[in-house]
Amino acid sequence: MPTVTPAPSISPNAEPNPQAGQLIVFTGPSGVGKGTLVKELLKRNSELCLSVSATTRSPRPGEVHGQHYWFLERAEFAAQVEQGKFLEWAEYAGNCYGTLSTTVDEQVAQGRTVILEIELVGARAIKAVLPHAKRIFILPPSLAELERRLRDRATDNEEAITKRLDHAQIEIAAASEFDFQIVNDDLETALAEIEAVITGN
Ligand code: 5GP
């Protein structure tokens, strides 16, 4: 897989424009409940929108191309990397994931607040290219609870669960790099804390 320097077209390092939408980055270990939190936030706040990422992972049952992810073949993903189409991208548990610049640009230009739900390497890249993005790390109440949630989800085989748990420990160790850390124990409490971050309260 070739490497690229992300080439964002939304004013890197510029002062934030109050007229334009903001970028909110959610990171946290797989299984921590980022998806549920994001789904609830989108339901409750019409000004928010989610950036649909591209991935080389196979769709899980119920996942729709263009809605949950853009599911791409590896060669197609690599071509888009070569063409500089990604604001950031990373490899995670054997698959590639990336945020498409155009998706984010269009929505931010419309003044919408765009949510990225991405892993650690991508979140670090965003800090480098768009330092005004608010980056939130979602923590599980404990590693044991995270493992329970991953098993309950029943979407991954044993090998994938082990990979995700190993990776979770690396990610959790980096939580302090983020602007905000929120523990997803009680859903309503976590949502209220996230909404306070988004509104700046
Ligand atoms: P999953 O396979 O469970 O949908 O996602 C695996 C991990 O990839 C999650 O931590 C998710 O946040 C992350 N991810 C999803 N989309 C992107 C993306 O566009 N860029 C990066 N860097 N990570 C992503």
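In listed order, ligands and their atoms are each counted from 1.
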Which ligand 1 atoms are under 4.0 Å away from a heavy-atom of Gly122?
-> 22 (N)

Can you find a non-hydrogen atom of Val121 under 4.0 Å from ligand 1?
-> no

Check ligand 1 against Arg57 and write out every atom of the ligand that is under 4.0 Å from a heavy-atom position of the residue.
-> 1 (P), 2 (O), 4 (O)

Quick one: which ligand 1 atoms are inside 4.0 Å of a heavy atom on Arg60?
-> 1 (P), 2 (O), 3 (O), 4 (O)

For Glu88, is at least one N or O under 3.5 Å away from an N or O on ligand 1?
-> yes

Candidate with minimal heavy-atom separation from atom 19 (O) of ligand 1, of Ser53, Ser58, Ala125 | Ser53

Sequence neighbours excluded, which residues qualify as side chain to side chain donor-acceptor pair (under 3.5 Å) partners of Asn201?
-> Thr199

Under 4.0 Å to a heavy atom of Gly98 - the qualifying atoms of ligand 1, by number = 18 (C), 19 (O), 20 (N)

With side chains defined as the heavy atoms from C-beta onward, is the minimum distance between Phe137 and Glu171 less than 4.5 Å?
-> yes

Do any nitrogen or oxygen atoms of Ala54 lie less than 3.5 angstrom from nitrogen or oxygen atoms of ligand 1?
-> no

Glu193 side chain reached by Asn184 side chain, heavy atoms, under 4.5 Å = no

How far is atom 12 (O) of ligand 1 from its nearest protein heavy atom, and which residue and atom is that?
-> Glu117 O, 3.3 Å

At a 4.0 Å threshold, what atoms of ligand 1 neighbour a non-hydrogen atom of Tyr69?
-> 1 (P), 4 (O), 5 (O), 15 (C), 16 (N)

Decide yes or no for Glu63 and Arg60: does some side-chain heavy atom of the first lie under 4.5 Å from some side-chain heavy atom of the second?
-> yes

Check: Glu171 N/O within less than 3.5 Å of ligand 1 N/O | no

Is any side-chain heavy atom of Leu41 less than 4.5 Å from a side-chain heavy atom of Phe26?
-> yes

Where does the angle between the aromatic ring planes of Phe77 and Phe86 fall among parallel (under 30°), tilted (30 to 60°) and perpendicular (over 60°)?
-> parallel

Are Ile194 and Ile136 side-chain neighbours, meaning at least one heavy-atom pair lies under 4.5 Å?
-> yes

Give the atoms of ligand 1, by number and element, whose distance to some non-hydrogen atom of Tyr92 is under 4.0 Å.
-> 6 (C), 7 (C)

Interfacing atoms of ligand 1 (cut-off 4.0 Å, heavy-atom, Lys34) = 9 (C), 10 (O), 12 (O)

Is the shortest N/O to N/O distance between Glu119 and ligand 1 below 3.5 Å?
-> yes

Without hydrogens or angle criteria, can the side chains of Arg153 and Ser30 be said to hold a donor-acceptor pair below 3.5 Å?
-> yes

Can you find a side-chain donor-acceptor pair between Glu47 and Thr113 that sits under 3.5 Å?
-> no

